[in-house]
> 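Let me begin by handing over the structure; questions about it come next.
Each chain gets a letter, A, B and so on, in the order the sequences are listed, and its residues count up from 1. Just so we're clear, the structure is a prediction, and the values are computed from it rather than from any experiment.
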Amino acid sequence: MDLLESYRSLLKKHGKQGWWPLLETGYHPNNYAIPRTDAERFVICIGAILTQNTAWKNVEKALANLQKIKALNAKAVLLLDDATLKNAIKPAGYFNQKAKKLREFAKFYLGLEDKIPSRSEFLSIWGIGRETADSILLYAYKQPIFVVDAYTRRLFSLDADYDEIRLLFEAALPRDYRIYQEFHALIVEEGKRSRAKTK
DNA sequence: AGCCAGGCTACCG
DNA sequence: CGGTAGCATGGC
């Protein structure tokens, strides 16, 4: 299986996806400067948590609610009372769990200096699993780590352990975070469309 | 009217 | 270890 060839063909089919989408600017194809600020970085991180097993459309509603109450930063999240936080993120589902996950992450985030946390540091946070950790590393920190999700397994008929699949992609592709970002986004786009067609 | 979304944790055998 | 119930809302 030539993964680089799959990447090229998906790119031709769907065009650049421009992940990660932000509230103000939406998608930003051909712009790899994002995140430019610490604020954008944090929004990417909590978006990655909120989108766990959840359609992005619903995550956008939750993010917009948080923005409305000026809680798109770590300090503000920690200062919100429980009911307000849960109510804001309710559209993204699992609001009891995700409220706790956001607080756990915000606590961690506030403790950071300028350094980039390691994968295992992210994984040690309650509520951050492998895909979420890798999404944060790839899209918020621009680290060349491939993100594996349900669509990746489905599209390529892979039934191996998460990290095995991740390493398979990383070995087959140039070590370039921009390619990893686009490829994962393209896989999701392809997965969404092929599902819409077959139903 | 179901089925399922850009998963994770806890618990089971 | 691998497998899976539970978590929750909204879109199609």
> Starting from A:L110 and following side-chain heavy-atom contacts under 4.5 Å between hydrophobic residues (I, L, V, M, F, W, Y), which residues can be reached?
A:L78
> Looking only at the side chain of A:K90 (C-beta and beyond, no hydrogens), which of the listed nucleotides C:dT9, B:dA5, B:dG7 gets closest?
C:dT9
> Give the nucleotide from the list C:dG6, C:dT9, B:dA5 with an atom nearest to the side chain of A:Q97.
C:dG6
> Using atom CZ of A:R153 as one end and atom C1' of C:dG3 as the other, report the distance to the nearest whole Å.
13 Å
> Is the phosphate of B:dA5, meaning OP1 or OP2, less than 4.0 Å from a side-chain N or O of A:R154?
yes
> Can you tell me, in whole Å, how much space there is between the C1' of B:dG2 and that of C:dA8?
15 Å
> Rounded to the nearest angstrom, tell me the gap between atom CG in A:N87 and atom C1' in C:dA8.
14 Å
> Could you say whether A:D161 or A:G93 is positioned toward the 5' end of DNA chain C, judged by the nucleotide with the nearest heavy atom to each?
A:D161
> Take the protein atom CG of A:N53 and the nucleotide atom P of B:dG7, then report the distance between them rounded to whole Å.
6 Å
> Holding to ring pair (Phe, Tyr, Trp, His ring centres under 6.0 Å), I want the full list of residues that pass it with A:Y180, two or more places apart in sequence or in another chain.
A:F146
> Around atom NZ of A:K70, are there more than 12 heavy atoms from other residues, nucleotides or ligands closer than 6.0 Å?
no
> Is A:R8 salt-bridged to A:D2, cutoff N-O under 4.0 Å?
no
> Using modelled atom types only, decide if a donor and an acceptor are shared between the side chain of A:K142 and the backbone of A:Y32 within a distance under 3.5 Å.
yes
> Checking the side chain of A:K98 only, and the main-chain atoms of A:A92 only, is there a donor and an acceptor separated by less than 3.5 Å?
yes
> Taking atom C1' in both C:dT9 and B:dA1, compute the distance separating them and give it to the nearest angstrom.
16 Å
> Please report, rounded to the nearest Å, how far the P atom of B:dG7 is from the CG atom of A:N96.
20 Å
> Any sub-3.5 Å donor-acceptor pair from A:R41's side-chain atoms to A:I136's backbone N or O?
no
> Round to a whole Å and report the spacing from CG of A:L102 to P of B:dC8.
14 Å
> Quick check: does any side chain N or O of A:S194 sit under 3.5 Å from a backbone N or O of A:E190, one acting as donor and the other as acceptor?
yes
> Take the protein atom NZ of A:K86 and the nucleotide atom P of C:dA8, then report the distance between them rounded to whole Å.
8 Å
> What is the separation between atom CD1 on A:I49 and atom P on C:dT9, rounded to the nearest whole Å?
19 Å
> Distance check needed: C:dG10 C1' versus A:L50 CG, whole Å only.
15 Å
> Residues from residues 56-74 of chain A sitting under 4.0 Å of DNA chain C, heavy atoms only?
A:N58, A:K61
> Counting the atoms with a prime plus P, OP1 and OP2 as sugar-phosphate, which does A:Y94 contact under 4.0 Å by heavy atoms, base, sugar-phosphate, or nothing?
base
> Which nucleotide, if any, forms a Watson-Crick or G-U wobble pair with B:dC4, using both distances under 3.5 Å?
C:dG10
> Which value, in whole Å, describes the distance between the P atoms of nucleotides C:dG10 and B:dC8?
22 Å
> Does A:W19 offer a backbone N or O that forms a donor-acceptor pair with the side chain of A:Y139 under 3.5 Å?
no
> Which heavy-atom pair separates A:L50 from A:A62 by the least distance, and what is that distance?
CD1-CB, 4.2 Å
> Holding to ring pair (Phe, Tyr, Trp, His ring centres under 6.0 Å), I want the full list of residues that pass it with A:F156, two or more places apart in sequence or in another chain.
A:F169
> In terms of ring plane angle, is the pair A:F122 and A:F105 parallel, tilted or perpendicular, where the classes change at 30° and 60°?
parallel
> Give each protein N/O atom lying under 3.5 Å from an N/O atom of nucleotides 11-13 of chain B, with the pair distance.
none

> Contact list please: residues 120-141 of chain A against DNA chain B, heavy atoms, distance less than 4.0 Å, in numerical order.
A:I125, A:W126, A:G127, A:I128, A:G129, A:R130, A:E131, A:T132
